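We count ligands from 1, going down the list as the structure has it; atoms in each ligand are counted the same way. Values in this document were obtained by computation on a predicted structure and should not be read as measured data.
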Amino acid sequence: MTRSEPNLRIPGPTSLPPSVREAGARQMINHRGPEFRELLERLQAGMKPYFGTASDIIILSCAGTGGLEAAVVNTLSPGDRVLAVSIGAFGDRFAKIAEAYGATVDRVSAEWGWAAAPDEVRERLGAGDYRAVLLTHNETSTGVMNPIPELAAAIRAAAPDALILVDTVSSLGAVPFDMDGWGVDVVATASQKAWMAAPGLAMVAASDRAWKAMETAKMPRFYLDLRKHLDSMASGETPWTPAIAVAFQVDEGIRLMNEEGQAGVFARHVACAAATQAGLEALGFELFAEPAHRSKTVTAAWIPDGLDWKTFNGEIKRRQLVLAGGQGKLTGKVFRVGHLGSVTVGEILEAIETIEAVSLESGREIEAGAAVAAAERAAGGAALQPA
Ligand SMILES: *Cc1c(COP(=O)(O)O)cnc(C)c1O
């Protein structure tokens with residue numbers, strides 16, 4: 001099959017549906033007028049069920065990292081003790097942000113490829129007076145999804161007053177999340193991951209406890225001051241000029257997600273993850289993540305010994321399939337397939353077919369057609385399972 005454009009299978013930015021592209025090309029509006037106010041209200045209403053919160057969702061014009069920075073600087077003070085639970089590159093980044101603003105950061109790190117262990121977190125918390133715990137929901141660098149309900153319960157048990165700040169950049173909108181029910185205090189996500197839009201917006205929600213913490217938190221903040229954003233939101237505005245074109249796109253992305261229904265969106269992500277993982281395994285690739293906590297939005301696989309990845313991936317790119325490489329210490333060791341946002345099982349099967357064709361061409365010993373069949377079976381099976 002010839003494509004007019006690449007099958008962009010990286011974990012963000014994700015490819016845009018046609019109507020989302022059109023939304024981004026619309027004429028500008030006054031961001032201090034009724035149209036923008038209505039847009040903000042629709043975004044709020046559309047996102048809350050995916051955040052699992054009744055709290056306000058603040059829309060910042062920045063990358064996802066800006067959302068993480070907002071979580072830190074709005075709730076903490078220099079010198080606060082923070083436990084950073086890291087299972088990969090993004091967990092490390094969250095810890096560095098807190099350090100950059102003067103928090104005293106202790107780390108508990110899982111071996112890359114593994115989820116965080118609630119017992120270990122509980123134990124570490126018992127040993128210190130922590131103001132906050134940093135967690136990653138979906139670790140995009142390793143393809144591992146942390147069990148946030150269990151981790152949050154462990155934190156609540158050991159340190160009832162600690163704030164729980166969660167990086168949900170590559171998970172919200174794709175998989176179930178219950179911020180209020182799980183007792184999470186701040187979450188941050190970004191437009192270019194599961195929300196089917198271009199990069200440019202970070203969306204942040206805070207619990208009542210977190211809003212209260214903002215009154216006394218002393219880390220410096222101005223652009224990302226969530227209190228300023230909340231004040232402006234009361235009149236349907238943002239304090240600074242927002243990325244309006246991206247807001248149009250997220251609005252359209254949410255409209256598409258609503259049309260599909262939340263259960264449908266989640267089931268599609270489960271099916272695409274199952275297809276990716278079964279397909280890659282059938283192609284002889286060893287998956288990087290432990291089976292119990294494999295991500296529903298991104299899959300990492302080892303580059304086999306003896307495979308010249310540069311040549312192999314060059315051939316994949318020539319066939320219009322774009323995969324992601326490894327990050328940090330996994331550079332050159334793994335490759336990653338993104339399956340979030342506007343993704344279909346068909347696009348995953350196509351990707352597996354391409355990797356299979358290049359594998360056969362490069363003399364890897366696999367059975368022609370077996371991987372696509374395995375992926376298709378896995379997707380069908382997954383579609384019958386609840387998300
Ligand atoms: C993509 C991502 C980020 C960073 O988002 P940017 O928009 O690149 O700043 C942070 N955390 C996770 C888990 C991500 O997947």
## Note on the structure
Going by the 4.0 angstrom heavy-atom rule, the piece of Asp167 near ligand 1 is side chain
#### Entry: Close-contact set for ligand 1 against Thr140 heavy atoms, below 4.0 Å
12 (C), 13 (C), 14 (C), 15 (O)
### Task
Using distance alone, decide if ligand 1 has a nitrogen or oxygen within less than 3.5 Å of any nitrogen or oxygen in Lys193.
yes
### Task
Could you list the atoms of ligand 1 found under 4.0 angstrom from a heavy atom of Asn138?
13 (C)
### Message
Between the side chains of Glu361 and Arg319, is the shortest nitrogen-to-carboxylate-oxygen separation below 4.0 Å, so that they form an ion pair?
### Response
yes
## Note on the structure
With heavy atoms and a 4.0 Å threshold, my read on which part of His137 contacts ligand 1 is neither
### Message
If the test is side-chain hydrogen bond (donor to acceptor under 3.5 Å, both in side chains), which one of Thr136, Thr140, Thr297, Thr14 qualifies with Ser170?
### Response
Thr140
#### Entry: Presence of salt bridge, Glu111 and Lys329, under 4.0 angstrom
no
### Task
Would you kindly specify which portion of Glu139 sits under 4.0 Å from ligand 1, judged on non-hydrogen atoms: side chain, backbone, both or neither?
neither
### Query
Phe285 ring centre to Arg364 NZ or CZ under 6.0 Å, with the angle to the axis within 45°?
yes
### Task
Could you tell me whether Arg156 and Asp185 make a salt bridge, using a distance below 4.0 angstrom between a side-chain N and a carboxylate O?
yes
### Query
Which of the atoms of ligand 1 are close to Gln192, meaning less than 4.0 Å from one of its heavy atoms?
6 (P), 7 (O)
### Query
Are any of the side-chain nitrogens in Arg37 or Glu237 under 4.0 Å away from the carboxylate oxygens of its partner?
no
### Task
Report yes or no: is the cationic atom of Lys193 (NZ for Lys, CZ for Arg) closer than 6.0 Å to the six-membered ring centre of Phe90, at no more than 45° off its axis?
yes
### Close-contact set for ligand 1 against Ser170 heavy atoms, below 4.0 Å
13 (C), 15 (O)
### Message
Starting from atom 3 (C) of ligand 1, what is the nearest protein heavy atom, named by residue and atom, and what distance separates them?
### Response
Phe90 CE2, 3.3 Å
### Message
Taking the six-membered ring of Phe222 as reference, does the cationic atom of Lys228 (NZ for Lys, CZ for Arg) lie under 6.0 Å from its centre and within 45° of its axis?
### Response
yes
### Message
Using a 4.0 Å cut-off to any heavy atom of Ala63, which atoms of ligand 1 qualify?
### Response
6 (P), 7 (O), 9 (O)
### Query
What atoms of ligand 1 come closer than 4.0 angstrom to any heavy atom of Gly64?
5 (O), 6 (P), 7 (O), 9 (O)
### Taking atom 9 (O) of ligand 1 as the reference point, the nearest protein heavy atom with its distance
Thr65 OG1, 2.5 Å
